[in-house]
Student: 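Dropping a structure here in structure tokens format, bear with me for questions.
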Amino acid sequence: MSHSHTTTGRETGRHTGPVNTEQVLKDVNILGSLNDQTRKVLSKDATIFLAVLHRAFNGTRKALLQRRVIRQAELDKGNLLDFLPETKHIRENDAWKAAPPAPGLVDRRIEITGPTDRKMVVNALNSDVWTYMADFEDSSAPTWDNMINGQVNLYDAIRKQVDFKQGEKEYKLRTDRVLPTLIARARGWHLEEKHFTVDGEPISGSLFDFGLYFFNNAEELVNRGTGPYYYLPKMESHLEARLWNDVFNLAQDYIGMRRGTIRGTVLIETIPAAFEMDEIIYELRDHSAGLNCGRWDYIFSVIKRFRQNPKFVLPDRSAVTMTVPFMDAYVKLLIKTCHRRGVHAMGGMAAQIPIKNDEEANTKAMDGVRADKLREVKAGHDGTWVAHPALAAIAADVFNTHMPTPNQMHVRREDVHVTANDLLNMNVPGKITEEGIRKNLNIGLGYMEGWLRGVGCVPINYLMEDAATAEVSRSQLWQWVRHGVPTAEGKKVDKAYSLKLLHEQADELEKNAPKGNKYQLAAKYFASQVTGEDYAEFLTSLLYNEITNVSEKTPAAKL
């Protein structure tokens, strides 16, 4: 009987890959350019690992995405969401808990987030924060260069060899204290990586991001006192969490690592997932590092999933705050659920950027950050997000004052009783205004224009916008046109009005932008999404082909 592996991970600490390398690498192709730097992360062994992941899990991934389509059809008929009857026994059982926090994840009070370009990686790790979420998802445009060089940058940062010089400026990791714990955010299950194909199909972006980071760095991270930690975005059901758990188990077994070493924090940023929080933690219980409130994506998901239902029409984006009923209910349920299961309940993003030339406006903006963080820490959150290093001190001051303990898992929030109706309570005071529509268009166009140039994190009006805010913008416009709502000024929002304002805003933005900008291309795509007719599941999927550069074909066997 032939053995499929030359040696086992237990013997060597590293899986050496199947004997029949040729067989595994057959029909695996890399369609993006490679150089000496990128070959160190996309080695032959790493490529084999990615191919193994794809063949093991891509079928399940596609089936789960199809379940989303079926569920959407039900919601389009006017059905509502509810807690699942078939998992009631999991929700009602007080006995089970998730794993205790992993090394480097006990105290996560301030997390900075941002893309994985080299400068951001150095600046984030030098910030006065507890963890850094290095983002391959919504604050990165998934060009091949961004994705593969991001892996190189994290590989180097983990080994403290990331210092570099740009012009006269040197970027160096600080050496005066322990650096923040690194957490990588992989792309969601819906996104593909078209520059890496297996058997003629693109690999899942999730598996590509997870797999390269894990294969190259898991042992190194453990040796340095932390581990392979992830943020897991855009999930819509506990079955999607089960798939991640299966991926984690296979990956750990493959390299001979103890199961439970990987940890994943799940972003609860879709309305279906809010009804399955217990179940999501349960599926990942050996690997769970808690849940996070992805606030903008959550609002986007509420509009998206109930877009055909007139009862779910929301007012201007600025009126949909964290204190409106459906947002307040979601936050409270998340904190209660996490603490009952012994995991972190992470707060949301402060996206503000310091306003350097206007002290009064800056003070007002920073006071807003302080109030938001105070609301979070008093609600029972164990930590929070900032997008800019300057905000870390404000957030830390609030959390240090009100949370002297490493986390607040002891704050059980047994006073909270959230029903399905609470999660779906769309009683949101506010108006729909022309100014609100123009703001949505500016943010949507501004973000999409940057994304089409390969930039996934775009400063607009002193806020660091990522894909989620653009999604809210276009979804609101779609919804308002679809249901023909009137503005506060008495104008009916219809297709012609929406497109007229879109073209006015695009022309104005283009006029004030440098040559070679992509505002008209952004407007072309945006126009297809704001007429109440076509509706793409994700803007990023809609735009992806514009930033793919399928160039030379490297058969993996030749790596």
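When a residue number appears, it is its place in the shown sequence, counting from 1. In this text, all values refer to a predicted model and were calculated from it rather than measured experimentally.
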Student: If I compare all heavy atoms of S498 with all of L477, which pair ends up nearest, and what's the gap?
Tutor: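 Scanning both residues, the minimum pair turns out to be OG-CD2, 4.3 Å.
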
Student: Counting only heavy atoms from other residues, nucleotides and ligands, does the tally under 6.0 Å from NZ of K40 exceed 12?
Tutor: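 It does: K40 NZ has more than 12 such atoms within range.
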
Student: Judged by atom type as modelled, is there a donor-acceptor pair below 3.5 Å linking the side chain of E449 to the main-chain atoms of A522?
Tutor: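 No; judged by distance alone, with no hydrogens or angles, the pair does not exist.
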
Student: Salt bridge or not between R118 and D163? Use side-chain N to carboxylate O under 4.0 Å.
Tutor: no

Student: Tell me, please, which residues at least two apart from R474 pass salt bridge (charged side-chain N to carboxylate O under 4.0 Å, His left out).
Tutor: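 If we apply the salt bridge (charged side-chain N to carboxylate O under 4.0 Å, His left out) test to R474, skipping adjacent residues, the hits are E471.
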
Student: Does the distance from a Lys or Arg side-chain N to an Asp or Glu carboxylate O, for E537 and K304, drop under 4.0 Å?
Tutor: yes

Student: Step by step, work out the side chain to side chain donor-acceptor pair (under 3.5 Å) result for T131 and E111.
Tutor: CA-CA 5 Å; T131 79; E111 300 193 330; 3.0 Å; yes

Student: Pairing donors with acceptors under 3.5 angstrom, does anything connect the side chains of R159 and N217?
Tutor: yes

Student: Should Q520 and D507 be marked as a side chain to side chain donor-acceptor pair (under 3.5 Å) after you check the CA-CA gap, both sets of side-chain angles, and the distance that decides it?
Tutor: CA-CA 8 Å; Q520 292 305 332; D507 291 345; 3.1 Å; yes

Student: Honestly, is R295 close enough over W385, meaning NZ or CZ under 6.0 Å from the six-membered ring centre and within 45° of the axis?
Tutor: no

Student: Side chain of N216, backbone of L212: donor and acceptor closer than 3.5 Å?
Tutor: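 Looks like yes, one N/O pair under 3.5 Å.
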
Student: Filter on ring pair (Phe, Tyr, Trp, His ring centres under 6.0 Å), then keep only pairs touching residues 317-350, sequence neighbours left out; what's left?
Tutor: Y298-Y330

Student: Check salt bridge (charged side-chain N to carboxylate O under 4.0 Å, His left out) between R340 and all other residues, then give those that pass, not counting sequence neighbours.
Tutor: D94, D278

Student: Under 6.0 Å from the CD atom of E435, do we count more than 12 heavy atoms belonging to anything else shown?
Tutor: no

Student: Can you find a heavy atom in the side chain of Y229 that is under 4.5 Å from one in the side chain of L182?
Tutor: no

Student: Would D316 and K431 pass as an ion pair if we require N to O under 4.0 Å?
Tutor: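 Not counted as a salt bridge, because no side-chain N and carboxylate O are separated by less than 4.0 Å.
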
Student: Between Q479 and R307, is there a side-chain donor-acceptor contact under 3.5 Å, judged purely by atom types and distance?
Tutor: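 Short answer, no.
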
Student: Is M448 close to L543 at the side-chain level, that is, under 4.5 Å between some pair of heavy atoms?
Tutor: yes

Student: Does D138 pair with R187 as a salt bridge, N-O distance under 4.0 Å?
Tutor: no

Student: So, do F136 and L154 sit near enough that their side-chain heavy atoms are less than 4.5 Å apart?
Tutor: yes

Student: Is it true that R185 and E137 make a salt bridge, defined as a side-chain N closer than 4.0 Å to a carboxylate O?
Tutor: yes

Student: Using ring centroids (six-membered ring only for Trp), state whether F214 and Y230 fall under 6.0 Å.
Tutor: no

Student: How about I547 and W451: do any of their side-chain heavy atoms sit closer than 4.5 Å?
Tutor: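 When only atoms from C-beta onward are counted, W451 and I547 do touch, with a gap below 4.5 Å.
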
Student: Is it the case that the side chain of N146 and the backbone of P142 share a donor-acceptor pair, with hydrogens and angles ignored and the cut-off at 3.5 Å?
Tutor: no

Student: How about CD on Q161, more than 12 heavy atoms from neighbouring residues, nucleotides or ligands closer than 6.0 Å, or not?
Tutor: yes

Student: Any donor and acceptor pair, going by atom type alone, linking the side chain of W480 with main-chain N or O of L314 inside 3.5 Å?
Tutor: yes

Student: Testing the 3.5 Å rule here: is there a donor-acceptor pair between the side chains of Q408 and D382?
Tutor: no

Student: Tell me whether the rings of W478 and Y535 are parallel (<30°), tilted (30 to 60°) or perpendicular (>60°).
Tutor: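 Perpendicular, since the angle between the ring planes exceeds 60°.
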
Student: May I ask you to test the M147-D209 pair for a side-chain heavy-atom distance under 4.5 Å?
Tutor: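 In contact.
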
Student: For N440 and R317, run side chain to side chain donor-acceptor pair (under 3.5 Å): C-alpha distance rounded to whole Å, both residues' side-chain angles, the deciding distance at 0.1 Å, then the answer.
Tutor: CA-CA 8 Å; N440 274 357; R317 171 184 147 172; 5.3 Å; no

Student: For residues N126 and K172, is any side-chain donor paired with an opposing acceptor at under 3.5 Å?
Tutor: no

Student: At their closest point, which heavy atom of I271 faces which heavy atom of L423, and how far apart are they?
Tutor: CD1-O, 3.9 Å

Student: Near N461 CG, under 6.0 Å, is it more than 12 heavy atoms from other residues, nucleotides or ligands?
Tutor: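 Atom CG in N461 is not packed in, count stays at 12 or less.
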
Student: Please check if the side chain of S288 supplies one atom and the backbone of L284 the other of a donor-acceptor pair under 3.5 Å.
Tutor: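 Not confirmed, S288 side chain does not pair with L284 backbone.
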
Student: So which atom in A98 and which in I281 form the shortest heavy-atom distance, rounded to 0.1 Å?
Tutor: CB-CG2, 3.9 Å

Student: Looking at every non-hydrogen atom in both residues, tell me the closest pair between P354 and A390 and how far apart they are.
Tutor: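 Looking at all heavy atoms of both residues, the closest pair is CG-CB, 3.5 Å.
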
Student: Between W189 and F538, is the gap from one ring center to the other below 6.0 Å?
Tutor: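 No, they do not, as the ring centres are separated by 6.0 Å or more.
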
Student: Less than 4.5 Å apart, side chain to side chain, heavy atoms only: is that true for F312 and R305?
Tutor: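 Counting from C-beta outward, F312 and R305 never come under 4.5 Å.
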
Student: Looking at side-chain heavy atoms only, is the closest gap between S301 and P272 below 4.5 Å?
Tutor: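 Sidechains of P272 and S301: in contact.
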
Student: Is the W244 to F248 ring centre distance short of 6.0 Å?
Tutor: yes

Student: Just by distance, do the side chain of S475 and the backbone of V472 share a donor-acceptor pair under 3.5 Å?
Tutor: no

Student: Whether the T384 and K373 side chains hold a donor-acceptor pair (N or O, under 3.5 Å, no angle test) is what I'd like checked.
Tutor: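 Checked: T384/K373 side chains pair up, N/O donor to acceptor below 3.5 Å.
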
Student: Would you call R438 and E504 a salt bridge, using N to O less than 4.0 angstrom?
Tutor: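 Answer for the salt bridge query: yes.
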
Student: Between K364 and D367, does any side-chain N to carboxylate O distance fall below 4.0 Å?
Tutor: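 Answer for the salt bridge query: no.
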
Student: Looking at W130, I'd like to know if the NZ or CZ of R108 sits under 6.0 Å from its six-membered ring centre while staying within 45 degrees of the ring's axis.
Tutor: no

Student: For residues T116 and Y132, report the shortest heavy-atom separation together with the two atoms involved.
Tutor: CA-OH, 4.1 Å

Student: Could you go through the side chain to side chain donor-acceptor pair (under 3.5 Å) check for E192 and Y544 one step at a time?
Tutor: CA-CA 9 Å; E192 294 176 335; Y544 183 49; over 6 Å; no

